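Below is one structure, written out as structure tokens, with a few remarks after it.
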Amino acid sequence: MDAPGLARSLDDLEQYQGHDIGANLASATAIELQARACGETVLQLRARLVRADMEQRNGDRGSAAQVFLEVRRRAQDLGSRPLLARSHFHLALTYNYLGDHAASLEHAISATELLEEDAAPGLRVIYLLRLANALGDVGSIAAARERYREAEQLAIAMGDLHRRLQVLNNRAYTEFEAGELAAAATVAGRMRVVAATLGRGFLIVERDTVANIEIALGRYAAAEQTLLSLVETPLWYEMHDLAEAILTLARAQRGIGALRRAQQSLDRSRALCEERELTGVGVAVMAEQAELYAATGAFEQAFVEYKRYHAAGELLRSAQQEARASTRQVMFETAQARNDAERYREQALRDPLTGLHNRRYVDDHLPAAVALAAETRSPLTIALVDIDHFKRINDTLSHDTGDEVLVAVAQQLRSVQQTVAETGFVARMGGEEFLVVLPGIAAGQAASTLEALRQAVASHRWRPVTGELPVTVSVGATATLGDDAVPALLADADRMLYAAKNAGRDRVMVLATAA
């Protein structure tokens, strides 16, 4: 498949993921491998995000978080706004799992802001949906409603009833959790209208939302009717969704006094939890079992079950805290490794004695400075600075004194450079030779600017360091509008430096014919 085809497949996968995690994972893996083979780095990383998201939904949250952070870094390095948006989108869900709702909201906002203007409407809907959910989690219900409205309007404009129902379901549950039962019931009613127009029944997660609202309003019989068809038609679901919905059914049945049916439903939910290791739902099943025992008058059994529930709840909280701590540790270590790598890279581009940039930095950055001058048609001055009679300082005094002189000269050069050309830089080329790069300084200004630099060195208080030995510098410079190659510029500056030395040192020589 070619790159456009891979992009279309990936767009579909990002926008219309089904509930089959295994199938989504296989599709994302296949796209990732093909994108890598085609050399399409951004598509490869987008597919990697989807794959990690599926792994996260399967419980491997630490590794997934590591991927999301790494892809965010790569997106920043690549300057890819769409990829950066997607990394924030997935990090929003990671922080939601961690219970850090403020961080989740921050990433959801970043994802929505970074999403490209021409992004597919379906993608924008799910980004707005994640933002709305995050706003609801921090209690900003009014703002959440506005984002839900925006998402629903987009779905309406698309003519996508499935997406519209997804938005309404999320909004209904947010209203329910916020205790806004009247608003939740109104949205649930709209869900029924859209589902009827669509010509299908509710999905399991939608049934569970509606039933929870009905139970909260005391409409237990209605909630049972909403959920009863789970037995015959288990529509689209993940296993924990089914276990939770059957548990909700048991609560509804207990509410209407159908205790035998409630026990049967509870037993079914428990069996699913044990079969699929759904620990969280399993703990909730214990709490409902205690309520059911109490409803039948079996108070001793209810007491024992409550004790089991509390003990299991403590174990679950401990396990969740451990999992969250593990994920946070992975995220911290990923960020720390990135910081370390950046620090080591910076150290590799610095002279350890003076703290100035080194020749390697010059090789990386001087061509870019010249190219920018050419693009903007702005002047650029390049100067080589050499400490006069430096060998005499080392031989007469000591190499330690020589090092002090190098550090002090470096500070003087950097101070002048930062004053006259903030975006420039100073580098130690080796030994006692330095390079000064001054963007915005033309040939006409170069002589006076560099003369100020020479004087700053000459007028420094050297007596405490070198005694009677003076410290001066010779400077050779050239200027350009970016039309010259870097080797030629350095050769011209070196030629001017040689001329300054031959003319008696402690002076500045600028190539007269420079731009």
Side-chain angles (χ1 to χ4, degrees), residues 14-17 46 49-50 52-57 59 61-62 64-69 71-72 75 81-116 119-155 163-180 183-184 187 191 205-206 208-209 212-213 238 240-241 244 280 320-321 323-324 327-328 330-331 335:
E14 287 176 336
Q15 294 178 62
Y16 299 106
Q17 291 175 12
R46 280 176 57 188
L49 284 174
V50 176
D53 184 38
M54 293 302 104
E55 291 164 350
Q56 175 171 252
R57 291 169 192 262
R61 291 175 183 166
Q66 191 172 16
V67 170
F68 300 150
L69 289 171
V71 172
R72 183 179 65 175
R81 183 185 175 106
L83 187 60
L84 191 58
R86 285 157 176 80
S87 66
H88 281 293
F89 176 79
H90 290 293
L91 281 167
L93 185 58
T94 296
Y95 278 102
N96 176 268
Y97 285 143
L98 291 172
D100 190 339
H101 298 309
S104 178
L105 176 58
E106 183 180 342
H107 284 289
I109 291 171
S110 295
T112 307
E113 289 176 341
L114 287 166
L115 190 63
E116 58 270 35
L123 193 64
R124 188 167 296 279
V125 168
I126 62 174
Y127 275 55
L128 285 169
L129 199 52
R130 182 146 298 173
L131 175 57
N133 291 342
L135 286 165
D137 287 336
V138 298
S140 298
I141 301 302
R145 287 172 181 151
E146 184 58 34
R147 300 292 87 75
Y148 285 129
R149 276 194 288 269
E150 287 182 35
E152 186 182 1
Q153 287 303 313
L154 272 176
R163 189 72 78 192
R164 186 179 176 192
L165 194 51
Q166 181 186 15
V167 173
L168 289 172
N169 181 64
N170 278 265
R171 180 175 177 182
Y173 200 79
T174 295
E175 299 281 9
F176 162 70
E177 287 197 313
E180 300 286 346
V187 178
M191 287 174 63
V205 290
E206 295 159 355
D208 191 53
T209 295
N212 271 293
I213 294 168
E238 294 177 21
H240 70 87
D241 293 332
E244 287 179 348
Q320 288 173 334
Q321 289 170 354
R324 288 171 179 170
T327 301
R328 289 185 184 279
V330 168
M331 296 175 78

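Here the structure is a predicted model, which is why all the values come from computation and not from measurement.
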Rounded distance [0.5 Å steps], OG1 in Thr94 versus CG in Leu69: 8.0 Å

Side-chain heavy atoms of Tyr127 within contact of Arg86, under 4.5 Å: yes

Where Ala119 and Leu115 come nearest, the two heavy atoms and their spacing: CB-CG, 3.7 Å

Interatomic distance, Ile213 atom CD1 to Met191 atom CE [nearest 0.5 angstrom]: 7.0 Å

Check: Ala92 main-chain N/O paired with Ser104 side-chain donor or acceptor under 3.5 Å: yes

Gap separating the OG1 atom of Thr174 from the CG atom of Asn170, nearest 0.5 angstrom: 6.5 Å

Separation between CZ of Arg163 and CD1 of Ile126, rounded to the nearest 0.5 Å: 6.0 Å

Under the salt bridge (charged side-chain N to carboxylate O under 4.0 Å, His left out) test, residues paired with Arg46 that sit two or more places apart: Asp11, Glu14

With sequence neighbours excluded, residues passing salt bridge (charged side-chain N to carboxylate O under 4.0 Å, His left out) with Glu152: Arg164, Arg190

Rounded distance (nearest 0.5 Å) linking atom CG of Leu49 with atom CG of Leu83: 6.0 Å

Closest heavy-atom pair and its distance - Asp100, Ala103: OD1-N, 3.2 Å

Non-neighbouring partners of Glu146 that pass side chain to side chain donor-acceptor pair (under 3.5 Å), sequence neighbours left out: Arg149

Steps toward side-chain contact (heavy atoms from CB on, under 4.5 Å) verdict (Glu206, Tyr173): CA-CA 9 Å; Glu206 295 159 355; Tyr173 200 79; over 6 Å; no

For Asn169, side chain to side chain donor-acceptor pair (under 3.5 Å) partners two or more places apart: Thr209

Side chain proximity check, Asp208 to Asp241, heavy atoms < 4.5 angstrom: no

Non-hydrogen atoms of Gly136 and Ala144 that approach each other most closely: N-CB, 3.8 Å

Pairs flagged by salt bridge (Lys or Arg N to Asp or Glu O under 4.0 Å) wherever residues 167-179 is involved - sequence neighbours left out: Arg145-Glu175, Arg171-Glu175

Considering all heavy atoms, the nearest Ala155-Val125 contact: N-CG2, 4.1 Å

Show every donor-acceptor pair shorter than 3.5 Å between a side-chain atom in residues 105-114 and any protein atom, with sequence neighbours excluded, or say none if there are none.
unit_1	atom_1	unit_2	atom_2	d
His107	ND1	His88	ND1	3.0
Ser110	OG	Glu106	O	3.2
Thr112	OG1	Ala108	O	2.9

Main-chain N/O of Phe89 paired to Arg130 side chain as donor or acceptor, under 3.5 Å: yes

Nearest-0.5 Å distance that lies between atom OH in Tyr148 and atom CG in Leu128: 11.0 Å

